[in-house]
Amino acid sequence: MHDIRLIRDDPAAFDAALARRGVEAVSARILALDEYRRGVATRLQEAQNRRNEASKSIGTAMGKGDKDTAEALKAEVAQIKDLLPALEADERQHDEAIRAELARLPNLPAADVPEGADESDNVEVARWGTPREFAFTAKEHADIGPALGLDFETGAAISGARFTFLRGQVARLHRALAQFMLDTQVDTHGYTECAPPLLVKDDAAFGTGQLPKFAEDLFRTTDGRWLIPTSEVSLTNSVREQIMGADTLPLRMTALTPCFRSEAGAAGRDTRGFIRQHQFEKVELVTVCKPEESAAEHERMVAAAESILKALELPYRKMLLSAGDMGASARKTFDLEVWLPGQAAYREISSVSNCGDWQARRMNTRFKPEGSKKTEFVHTLNGSGLAVGRTLVAVLENYQDEDGSVRVPEVLKARMGGIERLVPA
RNA sequence: GGAGAGGUGGCAGAGUGGUCGAAUGCGCCGCACUCGAAAUGCGGUGUACGGGUAACCGUACCGUGGGUUCGAAUCCCACCCUCUCCGCCA
């Protein structure tokens, strides 16, 4: 959600910034609505003012027993009241129209976000680790996994495509990965562990930007709630409708939760394997902070996500997304892409975004700067630290041996109950 | 799911048709007193939108949405939430 004053102040700059994301110019249309709305609002307030004054006078007149004056005033108020409903409706209509326009617009890209229409314009900013040399042809996880307990067939049988049933060694490894990530984010990086609801209301889904435009990406319950596509929704909305104390910021949260995505529009993509599922687990990082802190918090969060890949010794590269490839809520996004030897490709495993005040406006989350009377919108950031399912994929592919077994990464051994190697059944 | 009670400012808590954005207490901020502090006294202390260079002015908001009325925190209707008891359940 944007501040309409931003558009009033410099409509050309606003349109130019959105043009970088391929959005058509909207300022002129919104400003016309805004000007009209304010005119109506002023007339409405004047009418209400006269009504209020007259009503007070009626009270005074009645108190004095001056019936004639009271009756005359009543007639005047009745006249004013005839005008009000139309003005109110007109104002509300235009207010809603403006809100709807603003609510559909994506965030403005930050100045240092590269130009570009899609992922081909993303810029690699760092690369870590050296892909391992294999003495044999590295297999894809979908070929190694089934013998180790990654059961695509059972998942499909009970739930359909894009569901997987994990058992035995792989289920244990999956859990070890998830808990290692969560513990690291809590113990090493200072994010507070949270266990949030997985079902949310419309308002929450609107707050982080899933609604109104991306409803088709979500699963909806029969009682009108939404399954979270990421715990970003629950964590970020935990501060909705609040005026936060400056001393509570920055607020850093993390959660390990399942995520549910309908993957509408992804038909045919990554249908094989564990890469793109309707249900997957993710450790999420969310930070709520003051505007001047958000750039530094963004770097901090990326580093927290990177630390997991480093600890697991998984080679990756860090991408700065181009204006056209970012999600709607982001001003600036880094993606971490892990090396998958089976696919011989880098694949997204984490996405870390600074949303500026875009979500804060939608959630109405503000804070009061020290010594200030005015409230200000907070900034929000979110990032995966990391996607557990895709990390499992990366471990299977990077740690595989020719016989189909998979070595357990050093940092996970303590959590594997003595298992040092996953061995095919 | 059944029965009952209740939702008012940062908190506690009054207010049942008019001058109530709302008493009072606590908290918080400022000032006075003091060498300093405590205590005490005085003043201030919600949010949003609109207008204005500003001081300031106006409008709306007492869970949410409707309604009655010249006028609603107060009356009526619906919904939401919280609490207590019972049932059920992990």
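In what follows, every heavy atom counts, from backbone to side chain, and hydrogens, waters and symmetry copies are set aside. Here the structure is a predicted model, which is why all the values come from computation and not from measurement. The sequence lines fix the lettering, A, B, ..., with proteins before strands; numbering per chain opens at 1.
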Q: For A/Arg361, answer base if it contacts any base atom (sugar-phosphate contacts may also be present), sugar-phosphate if it contacts only those atoms, and nothing otherwise; contact means non-hydrogen atoms under 4.0 Å.
A: nothing
Q.
What is the distance, to the nearest angstrom, from the CG atom on A/Asp82 to the C1' atom on B/C70?
A. 13 Å
Q.
For B/G17, give the paired nucleotide (Watson-Crick: N1-N3 plus N6-O4 or O6-N4; G-U: N1-O2 and O6-N3; both under 3.5 Å), or none.
A. none
Q.
Under a 4.0 Å threshold between the charged nitrogen and the carboxylate oxygen, would A/Asp95 count as salt-bridged to A/Arg99?
A. no
Q) Given that both distances must come in under 3.5 Å, which nucleotide forms a Watson-Crick or G-U wobble pair with B/U69? A) none
(Q) Rounded to the nearest 0.5 Å, what separates atom OG in A/Ser384 from atom CE in A/Met301? (A) 10.0 Å
Q) What integer distance in Å separates A/Asp203:CG from B/C81:P? A) 13 Å
Q | Between A/Thr208 and A/Glu232, a side-chain donor and acceptor under 3.5 Å | A | no
Q.
Measure CZ/A/Arg5 against C1'/B/G50 and give the value in whole Å, please.
A. 11 Å
Q.
Would you say A/Thr375 places a side-chain N or O within less than 4.0 Å of OP1 or OP2 belonging to B/A48?
A. yes
Q. With sequence neighbours left out, which residue pairs that include part of residues 143-185 of chain A fulfil the ring pair (Phe, Tyr, Trp, His ring centres under 6.0 Å) condition?
A. A/Phe163-A/His278
Q | Counter-base of B/C81, judged by Watson-Crick or G-U geometry with both distances under 3.5 Å | A | B/G6
Q: Scan A/Arg43 against the nucleic acid and name what it touches under 4.0 Å (heavy atoms): base, sugar-phosphate only, or nothing.
A: nothing
**Q.** Contact check, side chains of A/Leu199 and A/Leu227, non-hydrogen atoms, under 4.5 Å
**A.** yes
Q.
Does the protein touch nucleotides 57-66 of chain B at the base, only the backbone, or not at all? Give it as B, S and - per nucleotide, heavy atoms under 4.0 Å.
A. -BSS------
Q: To the nearest Å, give me how far apart CZ (A/Arg37) and C1' (B/G50) are.
A: 8 Å
Q: Report the distance from atom CZ of A/Arg99 to atom C1' of B/A48, rounded to the nearest whole Å.
A: 12 Å
**Q.** Residue pair A/Thr257 / A/Glu284, side-chain donor-acceptor N/O under 3.5 Å
**A.** no
**Q.** Base-pairing mate for B/A39 - Watson-Crick or G-U, with both contacts under 3.5 Å
**A.** none
Q: For nucleotides B/G71 and B/A14, find the distance between their P atoms and express it as a whole number of Å.
A: 30 Å
**Q.** P atoms of B/C33 and B/U45, separation to the nearest Å
**A.** 23 Å
Q: Quickly work out the A/Met1 CE to B/A48 C1' distance and round it to whole Å.
A: 14 Å
